[in-house]
Each structure stands twice: as structure tokens, then as C-alpha cells.
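These notes are about the structure you will find just below.
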Amino acid sequence: MDNINIRTYLGKILSFSIMCWAGFFAHINCAIADDTSFTLDVDKYNSPYMGADWMIAGLRAYQAIDDVVASGTVGNDTTCMTLIRGAKWGLEFTLSSFAAVLQHEIFGHGARAREFNIPNVGYHIHVFSGATTYPSSSYNALSPNQQAALSAGGVEATSILSQQIEINWMRMGSLDSRAATLYLVNSFDESVYAFGLGGNFLHPDNDSSAYLNAVNAWFGNQALNEKKLKTDVAWNWLDPMIYMSAYSLLNYIWFGHTSQCFSFLHIGESRFMPTTRTYLAPYGPEFHLLLNLFTPQEKYIGINLRYGKTQGKAAAGLDINVSPISANDCFYLTNKISAWRQPHLLQPGTAATNTPKWGFADYIGLYYRLNKGIYVKGEIGYKLS
């Protein structure tokens, strides 16, 4: 939904997904909240949301195997078992890094390239690194806004994956140590890229440099520099889930506890948790504050406030996500509605000639229960250009 929409620019969107939930559920609310559930879907651009669903499905498969194979290490805090769990974490870090590379390249840069109809897109995928290739002539033909979106597409995708993991944790009220590794690798992806500017030991990065160049080309001057980008990206570090997940991971390695319960803030009888995120919008960094609220009936209400300002060009928006808005034994409905005021993207000219524009979008999801473990999801929405 952010800035340039992954699914479409204009008009109506109609996307259908197949949702496969693992486990056995007596009620729909249990299916929504159960941490063993996963989603398999396909959309037009193989978007970051699709990628996040598939990466989490892979995580669920690993967790199921690990629960059987490594069950003897749970709660065993001997030195030998601590070393074994430390070595196993090395495997999990490797798998999580590979998943982050897939998410970053194929479902990040690749999704943007497909959205912009770039031909001959290729990938170089390794365990800890990767690259997305396309003709330089196709890249040079894009507008500065599109170039910025393409360059930032990788870290946008990993941010979406980490946020999906966060919301799953908050539904359950506990963090899984294996998911914590996948979460931390993806959550820090943007920071590694931003703080790797200049080719230091973190990452001799091209994405962040290309993003800076595209944003500054739109402004016509050095509106965004390395220092400001690093400062803005540090907003990510205020997310409390980062520190709770790191604690969960250490608690597993040292004491063998695979999950860690955590406390919420409370508004009346409702649970509440704020999280932070920086998105690299085509016109400059944008700060997101997501207010996650769970009612006593386990209805999720996510209120996302977003704001960014680069050299006088401001953008602000509000997203409200309610899941479910209605439910029974066979159906449940979800809704996400958004409104924003931001620079009018993909228009000829530069920042000096660009005027802010109001926008609106609404997406309604319908889940139909085929049996006690499998649901089919349909989604329809509308977004202004």
C-alpha cells in the first residue's frame, strides 16, 4: 500500500489467494491466532506480501521438523546442550539469511521490476548475498521516482516480512526463538544497507547509493545525504520487538526455552503494542508508527501513522487494518483502508514542479472455510492513481 502500490497503480484490484492453515481448529478465531498457521498465495507481481507468506510457510516447516528432532534440548541448560543449541543457531542464521536474500531480490527488486515492465530480469542468489540484474537502458528509461522505488524495493520487502512475523507474535503473545532469527535478519536488512554506505565492512552497498542518487535527481540537488539517511533509518531501532526477540534468542541458546512470553501495554482490557519502521519512499524516507491493538475478542486493529519530509516535500498517511471485521463458522471478513497526502508520483518534472496529492484506498478480504484446516481467500480493492 505504501507510496507506489506493488499490485497496481490505477483503478481496481482483484487478487485471489489460496490460504492453507496448518493444524486443526474448532473456531475461526483459533485459526486466526494459532502460531502454526501459514499462508500460500500468488499475486500478479510476486509481491513482497506473497514472498513474506512463502518465507513464513518455510519457517513453519522448519519449526515442525525441529520440534521433533531437537525436542531433547528443550529446557536442558547443561554446557553441552548450550553449545549444541549455539551451533544449531548457526544453521538457523544461515537459513534465515538465505530466506532474506530470496525476499530481498525476487520479491523486492524483482517485484518492482515486474511492476515497471522491465524485461530480462535475472538473479544471482547466494546464501548470504544476491543481486537482481536488468538492462541498464530499461533502468535509465524509468523516472527518478521509479528508480528510487526499484532501488529501495529489496529493503521494503524484508521490512514487510519482519512486520508480518511481528504481528503473528503479537497475536500469540509469545516469541519463537527460531522465528526470532528470521525476524532479526530481515528487520536489520535496511540498517545494514544504509550504514554500509561508503563500502565499509557491513556492506559495500549499491542499493542505498542508487536510492540516494534517484531521490536527489528528483529534487535536483543534494536533498538527501548519507548522514540523514542513516539517522532516519535508526527509527527502526525503537521497535521494542527487536529487543524482545533478541532476548528470546539468547534465552533459547542458554536455557533451551523455544518460546518467550512478553507483556503488552493495556488500554482497558485490550492489549496494545507500538512498533516502528522506516520506509524508503520514492521522495525520501518515511517514518511509520504502527499501533497494534487486540481487543478482548482477539480482533486485531492496526493503526499505522506515517510521515516524511525531505527538503520541504512532506508526506503523511493513515492506514487502518481490522481483522476480522465480521466472522462466523464459515466466513470472516477483513478490511484495510488508507488515506494519504504526498507528492504526486510518476509525473513528469522535478520536485519543484510537483504538487501534493490526496489519495485513498480500501481493500476487503473474504475468507471462506473449506474444512477445519483450509481456507480460501479472495480480496478486492480500489486505489486512486
Side-chain angles (χ1 to χ4, degrees), residues 1-19 21 28-29 31-33 37-39 41-45 47-53 56 107 111 115 156-157 159-171 270-277 279 281 286-295 297-308 315-327 331-342 345 357-368 375-385:
M1 250 313 295
D2 300 305
N3 311 310
I4 300 178
N5 192 287
I6 282 288
R7 296 173 181 172
T8 188
Y9 290 118
L10 302 171
K12 298 180 180 179
I13 300 170
L14 181 62
S15 63
F16 292 96
S17 311
I18 297 177
M19 175 161 283
W21 298 92
I28 257 181
N29 285 342
I32 297 171
S37 64
F38 63 92
T39 305
D41 63 1
V42 177
D43 60 32
K44 181 178 180 180
Y45 297 114
S47 73
Y49 294 97
M50 171 187 162
D53 288 338
I56 291 174
F107 300 104
E115 182 183 11
E156 178 186 19
S159 293
I160 287 170
L161 174 53
S162 63
Q163 191 170 61
Q164 296 297 95
I165 295 172
E166 275 187 340
I167 294 175
N168 288 340
W169 281 339
M170 285 185 278
R171 290 185 185 279
S270 298
R271 297 179 289 130
F272 173 73
M273 178 68 73
T275 60
T276 61
R277 194 77 54 184
Y279 278 97
E286 192 175 78
F287 303 104
H288 288 225
L289 176 62
L290 178 57
L291 310 175
N292 302 279
L293 181 70
F294 294 86
T295 70
Q297 295 76 32
E298 290 305 311
K299 177 179 292 188
Y300 171 72
I301 302 174
I303 302 174
N304 186 41
L305 306 171
R306 42 195 174 102
Y307 178 78
L318 172 66
D319 312 308
I320 301 176
N321 187 5
V322 181
S323 177
I325 55 175
S326 179
F331 297 93
Y332 70 90
L333 291 171
T334 65
N335 184 241
K336 180 176 180 180
I337 187 170
S338 301
W340 61 86
R341 188 175 188 270
Q342 65 186 35
L345 300 177
K357 180 184 178 182
W358 285 97
F360 168 83
D362 188 47
Y363 301 91
I364 297 175
L366 171 64
Y367 295 74
Y368 175 71
Y375 293 77
V376 172
K377 172 191 174 185
E379 183 182 81
I380 188 168
Y382 181 81
K383 178 181 181 291
L384 295 180
S385 64

His288 and Asn304: which non-hydrogen atoms are nearest, and at how many Å? ND1-ND2, 3.0 Å
Identify, with sequence neighbours excluded, every residue that meets side chain to side chain donor-acceptor pair (under 3.5 Å) alongside Ser159. none
State, with a plain yes or no, whether a side-chain heavy atom of Arg306 is found less than 4.5 Å away from one of Gln342. yes
May I ask you to test the Ile56-Leu161 pair for a side-chain heavy-atom distance under 4.5 Å? yes
Nearest 0.5 Å, please: how far is CD1 in Ile167 from OH in Tyr300? 4.0 Å
How long is the gap from NZ on Lys299 to CD1 on Ile325, to the nearest 0.5 Å? 8.0 Å
Any heavy-atom pair between the side chains of Lys377 and Thr334 that's under 4.5 Å? no
Not counting sequence neighbours, which residues clear side chain to side chain contact (heavy atoms under 4.5 Å, CB included) with Ser270? List them please. Leu293, Thr295, Pro296
Rounded to the nearest 0.5 Å, what separation is found between the CG atom of Leu291 and the CD1 atom of Ile301? 11.5 Å
Taking side chain as C-beta onward, heavy atoms only, is Phe287 less than 4.5 Å from Thr276? no
From CD (Glu379) to OH (Tyr49), nearest 0.5 Å: 10.0 Å
Between Tyr279 and Ile160, is a side-chain contact (heavy atoms from CB on, under 4.5 Å) present by the stated rule, with each step listed? CA-CA 10 Å; Tyr279 278 97; Ile160 287 170; 3.8 Å; yes
Can you tell me how far apart CE (Met170) and CZ (Phe294) are? Round to the nearest 0.5 Å. 5.5 Å
Could you pull out the closest heavy-atom pair between Gln164 and Asp53, with the gap in Å? NE2-OD1, 4.5 Å
What heavy-atom pair brings Asn335 and Tyr363 nearest, and what distance separates the two atoms? ND2-O, 3.0 Å
Steps toward side-chain contact (heavy atoms from CB on, under 4.5 Å) verdict (Asp319, Asn321): CA-CA 7 Å; Asp319 312 308; Asn321 187 5; over 6 Å; no
Residues in ring pair (Phe, Tyr, Trp, His ring centres under 6.0 Å) with Tyr307, at least two apart? none
Does any non-hydrogen side-chain atom of Leu290 lie less than 4.5 Å from one of Asn292? yes
Under 4.0 Å between a Lys/Arg side-chain N and an Asp/Glu carboxylate O for Arg271 and Glu298? yes
Considering non-hydrogen atoms only, spot the tightest contact between Ala111 and Ser47 and give its length. CB-CA, 4.0 Å
Is the shortest heavy-atom distance from the side chain of Ser162 to the side chain of Arg277 under 4.5 Å? yes
Please state whether the rings of Tyr332 and Tyr375 are parallel, tilted or perpendicular, taking 30° and 60° as the class boundaries. perpendicular
Using every non-hydrogen atom in the two residues, find where Glu286 and Ala281 come nearest and quote the distance to one decimal. CB-CB, 4.3 Å
To the nearest 0.5 Å, how far apart are CZ in Phe360 and CH2 in Trp340? 8.5 Å
